[in-house]
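Predicted, not measured: the structure shown is a model, and the values here were computed from it. In the text below, chain A, chain B and the rest are named by the order of the sequence lines, each starting its count at 1.
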Protein chains: 2
Amino acid sequence: MPQARRKRSETAPGAATLHLTRFLPYRLSVLSNTVSHTVAKLYEKRFGITIPEWRIIAVLGGRETLSAGEIAQRTAMDKVQVSRAISRMLDSALILREAGDTDRRKALLTLTPKALDIYTQIVPLALAYEDQLTHALTEEEAALLDRLLTRMQAQADQLASAPEQRLPKT
Amino acid sequence: MPQARRKRSETAPGAATLHLTRFLPYRLSVLSNTVSHTVAKLYEKRFGITIPEWRIIAVLGGRETLSAGEIAQRTAMDKVQVSRAISRMLDSALILREAGDTDRRKALLTLTPKALDIYTQIVPLALAYEDQLTHALTEEEAALLDRLLTRMQAQADQLASAPEQRLPKT
DNA sequence: TTGCAACTGTTTCATATGAAACTAAACTGT
DNA sequence: ACAGTTTAGTTTCATATGAAACAGTTGCAA
């Protein structure tokens with residue numbers, strides 16, 4: 001969504017201006033913050049867990065056993081954040097850690113029954129929220145949004161790794 | 001975009017599961033972070049400003065004069081963040097503050113020529129990035145995305161203010 | 001006028017964050 | 001076998017953050 005009705009790649013006439021409320025990165029940030037904050041309210045107070053903790057519960061919820069590194073990948077969090085969240089979850093008995101047999105650097109992590117119970121309770125709430133959010137859209141629009149997000153994420157990943165070469169085509 | 005191909009509002013069969021990578025709030029968060037991080041790289045090092053500072057420059061870039069509170073509203077940042085960013089920008093001579101005539105609580109804020117110069121340099125870069133990002137989309141898709149984001153933001157705002165009544169229709 | 005509530009912006013304080021340094025374990029090549 | 005390198009995860013440190021308390025200003029009503 002380029003600026004206002006300005007056509008993509010159209011050369012700016014005089015001094016280019018930018019309206020924050022129409023700037024895609026800004027809009028994504030505001031929407032994401034609004035949504036995250038609301039979802040966090042679903043579990044923060046009720047279950048006493050944080051956003052990183054919820055994400056870890058979510059990826060381990062299928063009864064999988066993963067290492068900290070694998071969790072970091074799947075949740076798109078960095079390893080420090082994961083490490084700290086796991087440490088909290090060990091304290092609150094939400095997670096089990098056992099040393100790996102083949103590689104003792106990798107610890108195998110599993111949810112405790114207590115955490116699985118929380119998972120079971122949160123999932124319907126989270127899905128219901130997602131459902132409510134997409135109520136603003138038709139079925140077709142929701143399906144299209146899915147594809148658009150996938151493509152934009154791929155593009156954003158590309159631009160993140162090598163933005164300099166592509167961008168200043170000014 | 002409800003879970004996988006599950007139809008919206010369909011009753012979950014057994015234990016509901018949630019795949020983070022298909023969960024809309026999660027996807028928005030990852031995309032937003034990727035994008036914000038890349039955009040920040042455009043100006044952080046080159047001009048030595050932070051994300052909050054860039055946002056303030058962006059809203060004042062049209063040579064407007066606003067109070068701190070108005071800036072907070074338009075940038076969707078909280079007043080503490082705005083206060084601190086302004087204080088840094090006063091130090092680095094990016095902003096001018098003069099007491100309001102009618103109401104001495106409100107300080108009138110304007111960009112200095114130095115900040116306007118930064119604005120002029122960043123805007124094309126920011127617009128070029130937005131352009132590159134939407135290259136993953138056709139014109140029609142970009143236009144639709146615009147509308148979808150607007151509607152989802154409105155819906156997210158609604159759900160944020162009174163989520164409890166609506167959500168647990170389980 | 002003066003007392004009180006509402007408002008604007010700043011500061012404090014406790015917590016969260018990420019980059020970089022670090023520890024320990026496991027490969028690699030000689 | 002063992003020095004050098006890579007990998008997994010933790011800790012340190014400096015900074016960022018937001019909630020709540022705060023100070024100063026204004027508006028309103030008795």
Colleague: Quick test: give all pairs of protein nitrogen or oxygen and nucleotides 2-5 of chain D nitrogen or oxygen below 3.5 Å, distance rounded to 0.1 Å.
Modeller:
none

Colleague: C/dT8 C1' sits how many Å from B/Leu66 CG, rounded?
Modeller: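 Going from B/Leu66 (CG) to C/dT8 (C1'), I get 15 Å.
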
Colleague: Taking only residues two or more places apart in sequence or in another chain, which ones pass side-chain contact (heavy atoms from CB on, under 4.5 Å) with B/Ala93?
Modeller: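 Counting only residues at least two positions away or on another chain, B/Ala93 forms no side-chain contact (heavy atoms from CB on, under 4.5 Å).
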
Colleague: Would you mind listing every salt bridge (Lys or Arg N to Asp or Glu O under 4.0 Å) that reaches into residues 72-82 of chain B, with sequence neighbours excluded?
Modeller: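 Listed once each, the pairs are B/Glu64-B/Arg74.
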
Colleague: Nearest whole Å is fine: how far is D/dG9 P from A/Ile71 CD1?
Modeller: 9 Å

Colleague: Considering just the side-chain nitrogens and oxygens of B/Arg97, establish if one lies under 4.0 Å of OP1 or OP2 belonging to C/dT10.
Modeller: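 True: B/Arg97 side-chain N/O within range (under 4.0 Å) of C/dT10 OP1/OP2.
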
Colleague: Within the 3.5 Å criterion, strictly below it, is a donor on B/Thr34 or A/Gln153 matched to an acceptor on the partner's side chain?
Modeller: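 Yes, a side-chain donor-acceptor pair sits under 3.5 Å.
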
Colleague: Taking side-chain hydrogen bond (donor to acceptor under 3.5 Å, both in side chains) as the definition, give me every residue that meets it alongside B/Gln121, ordered by chain and number, with sequence neighbours left out.
Modeller: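 Partners of B/Gln121 under the side-chain hydrogen bond (donor to acceptor under 3.5 Å, both in side chains) test: B/Asp117.
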
Colleague: Is the closest basic N to carboxylate O distance between A/Glu141 and B/Arg147 below 4.0 Å?
Modeller: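 The answer is no: the pair does not qualify as a salt bridge.
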
Colleague: Between B/Leu108 (CG) and C/dT8 (P), how many Å, whole number?
Modeller: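 Rounded to whole Å, this separation is 14 Å.
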
Colleague: Think B/Ser83 has a side-chain N or O under 4.0 angstrom from the OP1 or OP2 of C/dT10?
Modeller: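 Answer yes for this pair, as a side-chain N or O of B/Ser83 is under 4.0 Å from OP1 or OP2.
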
Colleague: Answer yes or no: are there more than 12 heavy-atom neighbours, outside A/Asp101 itself, under 6.0 Å from its atom CG?
Modeller: no

Colleague: How would you summarise protein contacts on nucleotides 12-25 of chain C per nucleotide, using B for base, S for sugar-phosphate only and - for none, with heavy-atom distances below 4.0 Å?
Modeller: B----BBBB----B

Colleague: With sequence neighbours excluded, tell me which residues meet side-chain hydrogen bond (donor to acceptor under 3.5 Å, both in side chains) with A/Ser29.
Modeller: B/Arg55

Colleague: Within this structure, what is the CD-to-C1' distance between A/Glu98 and D/dG9, rounded to whole angstrom?
Modeller: 17 Å

Colleague: Are B/Thr110 and B/Arg63 close enough that a side-chain donor and a side-chain acceptor fall under 3.5 Å?
Modeller: no

Colleague: Round to the nearest Å and state the distance from B/Ile86 atom CD1 to C/dT11 atom C1'.
Modeller: 15 Å

Colleague: Any non-hydrogen side-chain atom of B/Met89 less than 4.5 Å from a side-chain atom of B/Ile49?
Modeller: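 Result no, sub-4.5 Å side-chain heavy-atom pair not found.
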
Colleague: Touch check for A/Ser87, heavy atoms < 4.0 angstrom, all strands: base, sugar-phosphate only, or nothing?
Modeller: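 Counting heavy atoms under 4.0 Å across all strands, no contact is made by A/Ser87.
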
